[in-house]
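Values in this document were obtained by computation on a predicted structure and should not be read as measured data.
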Amino acid sequence: MGIHQSSNQNGAAMNRYRLLSLFILVCLIAAGCNQAKVDLPAAGDPVAWIDAPLDGMLLPLAPYEIVFHITDDSPLTQGEVSINGSLAAQIAVSDGGNMATLRYVWTPPANGRYVIEARGQSSDGAWSAPARVEVEVGEPTPTVTFTPTTTPTLTATPTPTLTPTETSTPTPTATFTPTATRTPLPGPAPITFNNVHPNTTQIFFYRDTCGRKEVDLYVTIPLASKVTKVTVNYRLVARSGTQPPTSWLSKDMYVNNATTGEWLVTIKPEAVFTGIFFYTQSVVEYQFTAFNEKGSKSSGVYDDVKLEMCR
């Protein structure tokens, strides 16, 4: 596949680029990707998408940081977060740029299902279509297995037949040992994500002359959490904001250090993203999910790895 790119693009090429971007966004939404639900924007309107939480996630009854992006050709002024149709927060865009990452710490009032929506406004007053995710708040219900207690059966000792003598022999008394009661073992400790770091913050694709083309992601989870599986979800986000994010991909991690509970995974974007040439300057966003006998828990979203095309 030949790649020819002029440093001075004319207006017609840029218009074709934007039409292609809109087409890709429509395809992503129609395919039902496992990410935030986004209504199709009107031409020229801002675009918003939710990075965390993901659609269908199980969240604890505790404060959670909602992260979302907005982008537009015009400068951006503010974003909004709504919970179950009620406005929860208005967040100003301080730098007035064309792309913004906004955050809001939400404290769920009770267990249950919640619809989270986020949208953004540009300086010309236009609002984006709301991005939506639906989440469940609450802990998974543990399965309790009852073990029947065995009742000891006493075997009576037969009374011997005594021959009458001057001295009578006493009848022996039966004795038994009570059954010991077992103390249940404690469950696993809460899952926490510690020492999250990549082995590099800059990777490349296309040619081999610029540097590394893959990144190793590390996370340490306490052994007391008794985690049996860890996965990483990852996607590409264009730094220019001219493209919507790719769909989320998932990959299993493996134990790198069984003594400390460190997990490791290697990601090479060039090998898995077919439309990578639309993301010549982007970041790799990633999020960990750990599983144990109580259920699962996900980390926040990290965006500290840059991806660029090697020309």
List the steps, then state whether side chain to side chain contact (heavy atoms under 4.5 Å, CB included) holds for W106 with V81. CA-CA 10 Å; W106 169 53; V81 177; over 6 Å; no

Return the set of residues passing side chain to side chain contact (heavy atoms under 4.5 Å, CB included) with S299 (not counting sequence neighbours), or none when no residue passes. F193, Q287, F288, Y302

Any sub-3.5 Å donor-acceptor pair from D55's side-chain atoms to E134's backbone N or O? yes

Could you grab the distance from atom CG of D45 to atom CG of D124, nearest 0.5 Å is fine? 8.0 Å

Side chain to side chain contact (heavy atoms under 4.5 Å, CB included) against P198, all qualifying residues, sequence neighbours excluded: T201, V215, L217, Y286, D304, V305

I would like to know whether L87 and S82 meet side chain to side chain contact (heavy atoms under 4.5 Å, CB included); could you show each step before the answer? CA-CA 4 Å; L87 180 64; S82 297; 4.1 Å; yes

Residues A52 and V301: closest non-hydrogen pair is CB-CG2, 3.5 Å

Output yes when a side-chain donor or acceptor of K297 lies under 3.5 Å from a complementary backbone atom of I191, and no otherwise. yes

Any chance you could measure L102, atom CG, to S94, atom OG, to the nearest 0.5 Å? 9.0 Å

Set of residues satisfying side chain to side chain donor-acceptor pair (under 3.5 Å) with respect to N199, sequence neighbours excluded: D216

Single-linkage hydrophobic cluster V237~V47, side-chain heavy atoms < 4.5 angstrom: yes

Mind listing the closest non-hydrogen atom pair of P109 and L61 along with its distance? C-CD1, 4.3 Å

Does a side-chain heavy-atom distance below 4.5 Å link W49 with P245? yes

Does the side chain of K294 reach to within under 4.5 Å of the side chain of P188, using non-hydrogen atoms? yes

Beyond-backbone contact of V135 with L59, side-chain heavy atoms, under 4.5 angstrom: yes

M309 backbone acceptor or donor facing T280 side chain under 3.5 Å: no

Is the shortest side-chain heavy-atom distance between F278 and F273 below 4.5 Å? no

Hydrophobic clustering (ILVMFWY, side-chain heavy atoms < 4.5 Å, transitive) - are V133 and I91 grouped together? yes

Side chain S128, main chain R119, donor-acceptor under 3.5 Å: no

Applying salt bridge (Lys or Arg N to Asp or Glu O under 4.0 Å), which residue pairs with at least one partner in residues 239-250 are found, sequence neighbours left out? R239-E308

Output every pair passing salt bridge (Lys or Arg N to Asp or Glu O under 4.0 Å) with a member in residues 261-277, not counting sequence neighbours, ordered by first then second residue. K213-E270

Partners passing side chain to side chain contact (heavy atoms under 4.5 Å, CB included) against T107 (at least two apart in sequence or in another chain): P63

Nearest heavy-atom pair of A131 and A48: which atoms, and what distance? CB-O, 3.6 Å

Establish whether F205 and V272 are linked, either directly or via other cluster members, by ILVMFWY side-chain heavy-atom contacts under 4.5 Å. yes

Straight-line distance of E117 CD to F68 CZ, nearest 0.5 Å: 12.0 Å

By salt bridge (charged side-chain N to carboxylate O under 4.0 Å, His left out), E214 pairs with (sequence neighbours left out) none

Step by step, would you call I83 with I116 a side chain to side chain contact (heavy atoms under 4.5 Å, CB included)? CA-CA 5 Å; I83 309 295; I116 301 174; 3.8 Å; yes

Indicate whether any N or O donor in one side chain lies under 3.5 Å from an N or O acceptor in the other, for S298 and T289. yes

So, using side chain to side chain contact (heavy atoms under 4.5 Å, CB included) as the criterion, who are the partners of Q78 when residues are at least two apart? Q90, Q121, W127

Is there a side-chain contact between W248 and L54, using heavy atoms and a 4.5 Å cut-off? yes

Please list all pairs passing the disulfide bond (SG atoms under 2.5 Å apart) test where one or both residues lie in residues 188-281, with sequence neighbours left out. C210-C310

Partner set under salt bridge (charged side-chain N to carboxylate O under 4.0 Å, His left out) for E65, not counting sequence neighbours: R103

Nearest heavy-atom neighbours spanning N84 and R113: ND2-O, 4.0 Å

Assess the residue pair Y206 and F277 against the criterion (ring-ring contact (aromatic ring centres under 6.0 Å, His included)); give the C-alpha distance rounded to whole Å, side-chain angles, the decisive distance to 0.1 Å, and a yes or no. CA-CA 9 Å; Y206 186 47; F277 288 100; 5.7 Å; yes

Residues in salt bridge (charged side-chain N to carboxylate O under 4.0 Å, His left out) with R212, at least two apart? none

Quick test of your reading: applying disulfide bond (SG atoms under 2.5 Å apart), list the pairs with at least one residue in residues 223-286, sequence neighbours left out, ordered by first then second residue. none

Residue pair I50 / P53: nearest heavy atoms and the distance that separates them: CG2-O, 3.7 Å

Working to the nearest 0.5 Å, report the span between CG of N195 and CH2 of W263. 15.5 Å

N194 side chain vs I221 backbone, donor-acceptor pair below 3.5 Å: no

Do N292 side-chain atoms and S225 backbone N/O form a donor-acceptor pair below 3.5 Å? yes

Y218 and V227: same hydrophobic cluster, using ILVMFWY side-chain contacts below 4.5 Å? no

How close do T231 and F291 get, counting heavy atoms only, and between which atoms? OG1-CE1, 4.0 Å

Say whether V67 and V93 are linked into one hydrophobic cluster, either directly or through other cluster members, by side-chain heavy-atom distances under 4.5 angstrom. no

CE/M99 to CD1/I70 distance, rounded to the nearest 0.5 angstrom? 10.0 Å

Verdict with reasoning, V232 to V265, per side chain to side chain contact (heavy atoms under 4.5 Å, CB included): CA-CA 8 Å; V232 61; V265 70; 3.7 Å; yes

Separation between CD1 (I203) and NZ (K306), nearest 0.5 Å, reads 12.5 Å

